[in-house]
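Here's the structure, in structure tokens; my notes come after.
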Amino acid sequence: MRAALWFIALFGIAVAVALFAGNNQAVVTVFWPPHRVDVSFNLTVLLLVGLFMLLYLASRALTALFSLPVEARRWRAQQKERAMYGALMDALAHLMAGRFIRSAKSAQNALAQEKSLGVTTETTGHPSGHSDTLASQLRSLSHLLVAESAQALQNKALRNQHLALALQNSSARHAQEVREGVLFRAARWSLEDHDAGAALDWLGQLPQGASRRTLALRMKLRAARYGRQTLQALETARLLAKHRAFSPAAAQSILRGLALELLDDAHDPVQLQQAWALLDDSERAMPELCVHAAARLMSLHGDAALARSWLLPVWERMLEPRSELGDKLRIKLITVLEAGMDTLDGEWLARIEAAQVSRPRDANLLYLAGMACLSRQLWGKARQLLSQAAPALQDRLLHRNAWRALAMLAEQREDDAAATEAYKRAAQP
């Protein structure tokens, strides 16, 4: 279409020229005393057009001639810039291939090329097209590659030197993204050196938005766990779980493990209650945490009633028709309740009795009910329940305790044969 329009335009120009110049009888007279020159108008127009073209071509030729030094300097700058970026790409390729010495040399070559390019630009006073933004980013990345190679070679002095230079060159406002990357790498190197404090310090220098990214939170979690800062690790794991950085099962497992560590760090009942209060509602609803917290409180000689209040949700879940509590957790629950039998109130005694009646074949509930009766000095009922429970108990500790209790009851009745037999059963592996 464009060619057709050009053809029509040229055709129109040709027609106009033919109509105008074909029958044009005008004459241009030039007086140059004592001479007179008569020239046709058409020839005059052609001469003027030719003179204009000649002057235009001459000016273009002079401009091109005087711009040759500038073009030569620009060409040399472009060659240096290409060599600089080529060296940077070689450094990255060598780093990925595990050639750390070559990577460091290529990155240092890129730095030398960039410095030479900057010196050339300042000397000539002509810009090379390499902006300050790109220059600072390239210097930061080159220093970072050298530091990464030094980290792989365990050259801490060289790594720290180029890390400081990378941070210095990325301090400008337009290089914040590069600075964030440098801080992330510094934190990762600290984690590799198992220096949790330094890793947390590097992560603390990140902007608020960058510090809440998944990568930063994962590093913070690792650093907090290395540094035994359980509460901070737990808070970070909650954020990661909220951002769906883990699968639901993995998130629950990590949160449960950190919560258990937080409870284990308590050394008295007050600290344990404070740690329990720091847990979320979802965490306090985990059966493993409830049982462990109650067991920990009983081992610290805390309030048994408070421990049983923590165990109540787990007890109710255990009595559900399709309870998902494992046998190990059930036995631990019974063991914790047994530890506080001396202070067992009537309400809990009724719960235990009702559970045993509803499940008469559950050996663990028979054992618990028998021990509860034993603590209330109901000798006959305790003997009856423990005699039914002892042969069926699978857990070694409960099995031994049941037979020992039966031996004590037999001694009270002065039945030496039964006591001896019960002690033999308790001593069996």
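Excluded from the calculations below are hydrogen atoms, water molecules and symmetry mates; all remaining heavy atoms, backbone and side chain alike, are included.
- The shortest side-chain heavy-atom distance between Lys105 and Phe100 does not fall under the 4.5 Å cut-off.
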TODO: Verify side chain to side chain contact (heavy atoms under 4.5 Å, CB included) between Leu5 and Arg2, making sure each step is shown before the conclusion.
DONE: CA-CA 5 Å; Leu5 291 176; Arg2 184 178 296 179; 5.6 Å; no

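- With Ser149 contributing its side chain and Leu145 its backbone, the two residues share a donor-acceptor pair below 3.5 Å.
- Under the 4.0 Å criterion applied to side-chain N and carboxylate O atoms, Lys381 and Glu353 are assigned as salt-bridge partners.
- For the pair Arg74 and Glu71, the salt-bridge criterion is met [side-chain N within less than 4.0 Å of a carboxylate O].
- Put simply, the side chain of Arg351 reaches to within 4.5 Å of the side chain of Leu312, judged on heavy atoms.
- Separating the CE atom in Met84 from the CG atom in Asn109 is a distance of 11.0 Å, to the nearest 0.5 Å.
- No side-chain N or O of Tyr367 forms a donor-acceptor pair with one of Gln388 less than 3.5 Å apart.
- The two residues Asp303 and Leu297 have their closest heavy-atom pair at O-CD2, 3.4 Å.
- Going from atom SG of Cys290 over to atom NE2 of His292 covers 12.0 Å, rounded to the nearest 0.5 Å.
- Residues Trp348 and Trp315 place their aromatic rings such that the two centres sit under 6.0 Å apart.
- In this structure, Arg225 pairs ionically with Glu261, as a charged nitrogen and a carboxylate oxygen lie closer than 4.0 Å.
- The neighbour count for Arg404 CZ, taken as heavy atoms of other residues, nucleotides or ligands under 6.0 Å away, does not exceed 12.
- At least one donor-acceptor pair closer than 3.5 Å links the side chain of Arg296 to the backbone N or O of Asp264.
- Taking 4.5 Å as the limit, some side-chain heavy atom of Thr343 sits within range of a side-chain heavy atom of Arg308.
- Aromatic ring pairs are classed by plane angle as parallel below 30°, tilted from 30° to 60° and perpendicular above 60°; the pair His399 and Trp403 is perpendicular.
- Between the side chain of Arg179 and the main chain of Leu167, a donor-acceptor pair closer than 3.5 Å is present.
- Of the possible donor and acceptor atoms, none in the side chain of Ser116 sits under 3.5 Å from a partner among the backbone N and O of Ala112.
- In terms of modelled atom types and a separation under 3.5 Å, the side chain of Ser309 and the main chain of Leu306 share a donor-acceptor contact.
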TODO: Starting from the C-alpha separation in whole Å, work towards a yes-or-no answer on side chain to side chain contact (heavy atoms under 4.5 Å, CB included) for Arg102 and Asp90.
DONE: CA-CA 9 Å; Arg102 293 186 181 182; Asp90 290 341; over 6 Å; no

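- In terms of heavy atoms, Leu393 sits closest to Ala363 at CD2-O, 3.6 Å.
- Between Trp310 and Trp276, the ring planes are parallel. Angles under 30° get that label, and only those over 60° would be called perpendicular.
- Closest approach of Ser211 to Leu217, counting heavy atoms only: O-CD2, 3.9 Å.
- A distance-only check finds a donor-acceptor pair linking the side chain of Ser140 to the backbone of Ser170 [under 3.5 Å].
- Of all the heavy atoms in Leu398 and Asn364, the pair that sits closest is CD1-OD1, 3.8 Å.
- More than 12 heavy atoms of other residues, nucleotides or ligands sit less than 6.0 Å from atom CD of Gln154.
- A pairwise comparison of heavy atoms in Leu221 and Ala233 identifies CD1-O, 3.3 Å as the closest pair.
- For Lys332 and Asp395, the salt-bridge test fails: no basic side-chain N is under 4.0 Å from an acidic carboxylate O.
- Environment of CZ in Arg317: sparse, with no more than 12 heavy atoms of neighbouring residues, nucleotides or ligands closer than 6.0 Å.
- Arg376 contributes a side-chain N or O that, together with a main-chain N or O of Leu344, makes up a donor-acceptor pair within less than 3.5 Å.
- Looking only at side-chain heavy atoms (C-beta outward), Tyr423 and Leu406 stay at 4.5 Å or farther from each other.
- When each of Arg76, Arg82, Glu81 is checked for a side chain to side chain donor-acceptor pair (under 3.5 Å) with Gln79, only Arg82 meets the rule.
- Between atom NE2 of residue His162 and atom CD of residue Glu148 there is a gap of 13.0 Å, rounded to the nearest 0.5 Å.
- Put simply, CD on Gln151 and NZ on Lys156 are 6.0 Å apart, with the number rounded to the nearest 0.5 Å.
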- [ ] Decide side chain to side chain contact (heavy atoms under 4.5 Å, CB included) for Leu200 and Gln229; before the verdict, give the C-alpha distance in whole Å, the side-chain angles of both, and the deciding distance to 0.1 Å.
- [x] CA-CA 11 Å; Leu200 291 174; Gln229 300 182 18; 3.7 Å; yes

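- The minimum heavy-atom distance linking Ala166 with Leu144 is given by the pair CB-N, 4.2 Å.
- Residues Leu111 and Arg139 have side chains in contact (heavy-atom distance under 4.5 Å, counting atoms from C-beta outward).
- For Arg218 (side chain) and Ala245 (main-chain N/O), a donor-acceptor pair under 3.5 Å exists by modelled atom type.
- The local environment of CE in Met341 is crowded, with over 12 non-hydrogen atoms from other residues, nucleotides or ligands closer than 6.0 Å.
- Residues Asp195 and Ser190 have side chains that never bring a donor and an acceptor to within less than 3.5 angstrom of each other.
- By the neighbour-count criterion of 12 heavy atoms within 6.0 Å, atom CG of Leu231 is densely surrounded, having more than that number from other residues, nucleotides or ligands.
- Under the 4.5 Å side-chain criterion, counting only non-hydrogen atoms from C-beta, Asp268 is not in contact with Leu300.
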- [ ] List the steps, then state whether salt bridge (charged side-chain N to carboxylate O under 4.0 Å, His left out) holds for Glu235 with Arg238.
- [x] CA-CA 5 Å; Glu235 293 174 351; Arg238 289 169 183 165; 5.3 Å; no

Task: Evaluation steps, salt bridge (charged side-chain N to carboxylate O under 4.0 Å, His left out), between Glu180 and Arg213 - done: CA-CA 11 Å; Glu180 292 172 6; Arg213 295 175 189 166; 3.0 Å; yes

TODO: Would you check, one step at a time, whether the test side chain to side chain contact (heavy atoms under 4.5 Å, CB included) holds for Arg400 with Leu397?
DONE: CA-CA 5 Å; Arg400 184 171 61 248; Leu397 178 61; 3.2 Å; yes

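- Rounding to the nearest 0.5 Å places CG of Leu374 at 9.5 Å from CD of Glu338.
- Screening Leu349, Ile352, Leu368, Leu385 for a side-chain contact (heavy atoms from CB on, under 4.5 Å) involving Cys373 leaves a single residue, Leu385.
- Side-chain atoms of Ser67 never come within 3.5 Å of backbone atoms of Val70 as a donor-acceptor pair (strictly under, hydrogens ignored).
- A donor-acceptor contact shorter than 3.5 Å links the side chain of Ser103 to the backbone of Ala91.
- A 4.5 Å side-chain heavy-atom check between Arg413 and Arg383 finds at least one atom pair inside the cut-off.
- Taking the six-membered ring wherever Trp is involved, the centroid distance between the rings of Tyr226 and His194 falls below 6.0 Å.
- Leu234 has its side chain within reach of Glu283: a pair of non-hydrogen atoms, C-beta onward, lies under 4.5 Å apart.
- Rounding to the nearest 0.5 angstrom, the gap separating the CG atom in Leu325 from the CZ atom in Arg330 is 5.5 Å.
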